[in-house]
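None of these values were measured; they are calculated from a predicted model.
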Amino acid sequence: ASVVLSWLSLVLMFVALRRWLPPRITLVAVLLTGTSYWYFQNATVLLSEPPFLCLMWVAVIGLSRCCKQDRIRLGWLIVGVVAYLLMFATRIAGCLLAPGLLLAMWYGTRHQINLHRRILVCLVFSAVAGTGAWGYFLWRDHKPELSAPKEAVVQNTAQKPVKSNPASI
């Protein structure tokens, strides 16, 4: 499953970058990423890496397509924000990519929509992403413990003194 998601993330990367770069440069960037040792090393060792990359590229695609012809397309904005929140739930490092996703949206829509609507989309995304991050940290700090209490674990793992057998010395 991780290999399929890795390949899917490369396809999504091509779709996202094709809007900003010429096709040949986009293809070279995807091929260099796909043939990188670290790309597939992380995909097979870190099991959260391929879903994280897929969701990241879906968020980039959604946020770069949410503004077109001087209007906001709410469906793409929802896709981008939901993909970001799922990406954040997959790996905590997703919160660090919020400024990059905002820059991707800003750059991807610079000739398609006026400044006021781009600022509105950035504020909506920031508010939802901030609320999602705040909710995650609240949940993390107050989630119920699913394992045994720490005292029971300590008592069960306490080692008993080993009796030495003088005949075996």
Enquirer: Heavy atoms, side chains only, cut-off 4.5 Å: are F14 and L31 in contact?
Expert: no
Enquirer: Show the nearest heavy-atom pair for residues S9 and W57, with the distance to one decimal.
Expert: O-CD1, 3.6 Å
Enquirer: To the nearest 0.5 Å, how far apart are CZ in F52 and CG in L5?
Expert: 13.5 Å
Enquirer: Should Y84 and L103 be regarded as members of a common hydrophobic cluster, given that ILVMFWY residues are connected when their side-chain heavy atoms come within less than 4.5 Å of each other, either directly or indirectly?
Expert: no
Enquirer: Is W7 linked to V15 within one hydrophobic cluster, defined over Ile, Leu, Val, Met, Phe, Trp and Tyr using a side-chain heavy-atom separation of less than 4.5 Å?
Expert: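 Result: yes, single cluster for both.
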Enquirer: Would a hydrophobic clustering, with Ile, Leu, Val, Met, Phe, Trp and Tyr connected at side-chain separations under 4.5 Å, put I61 with I78?
Expert: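 Cluster IDs for I61 and I78 match.
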Enquirer: With clusters defined by side-chain heavy atoms of hydrophobic residues (ILVMFWY) lying less than 4.5 Å apart, directly or transitively, does L74 cluster with L102?
Expert: yes
Enquirer: In Å and rounded to the nearest 0.5 Å, what is the CG to OG1 distance from L21 to T26?
Expert: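 That separation rounds to 4.5 Å.
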Enquirer: Which value, rounded to the nearest 0.5 Å, describes the distance between R18 atom CZ and L27 atom CG?
Expert: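 Going from CZ on R18 over to CG on L27, the span is 11.5 Å.
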Enquirer: Among the clusters formed by ILVMFWY side chains lying less than 4.5 Å apart, do L123 and W76 turn up in the same one?
Expert: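 L123 and W76: one cluster.
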Enquirer: Give the C-alpha distance, both sets of side-chain angles, the deciding distance and a yes or no for side chain to side chain contact (heavy atoms under 4.5 Å, CB included) between L12 and C54.
Expert: CA-CA 7 Å; L12 291 170; C54 286; 4.2 Å; yes
Enquirer: Quick one, V121 and V124 - any side-chain contact, counting heavy atoms below 4.5 Å?
Expert: no
Enquirer: Can you tell me how far the CG atom of L55 sits from the CZ atom of R91, to the nearest 0.5 Å?
Expert: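 Rounded to the nearest 0.5 Å, the CG-CZ separation comes out at 12.0 Å.
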Enquirer: For the backbone of L32 and the side chain of S36, can you confirm whether one donor and one acceptor N or O come within less than 3.5 Å of each other?
Expert: no
Enquirer: Out of curiosity, L77 CG to F125 CZ, how far, rounded to the nearest 0.5 Å?
Expert: 9.0 Å
Enquirer: Please report the shortest heavy-atom distance between V79 and G62, naming the atom on each side.
Expert: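 In this case the closest contact between V79 and G62 is CG1-CA, 4.5 Å.
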Enquirer: On a heavy-atom basis, which atom in A83 and which in A59 lie closest, and how many Å separate them?
Expert: CB-N, 3.7 Å
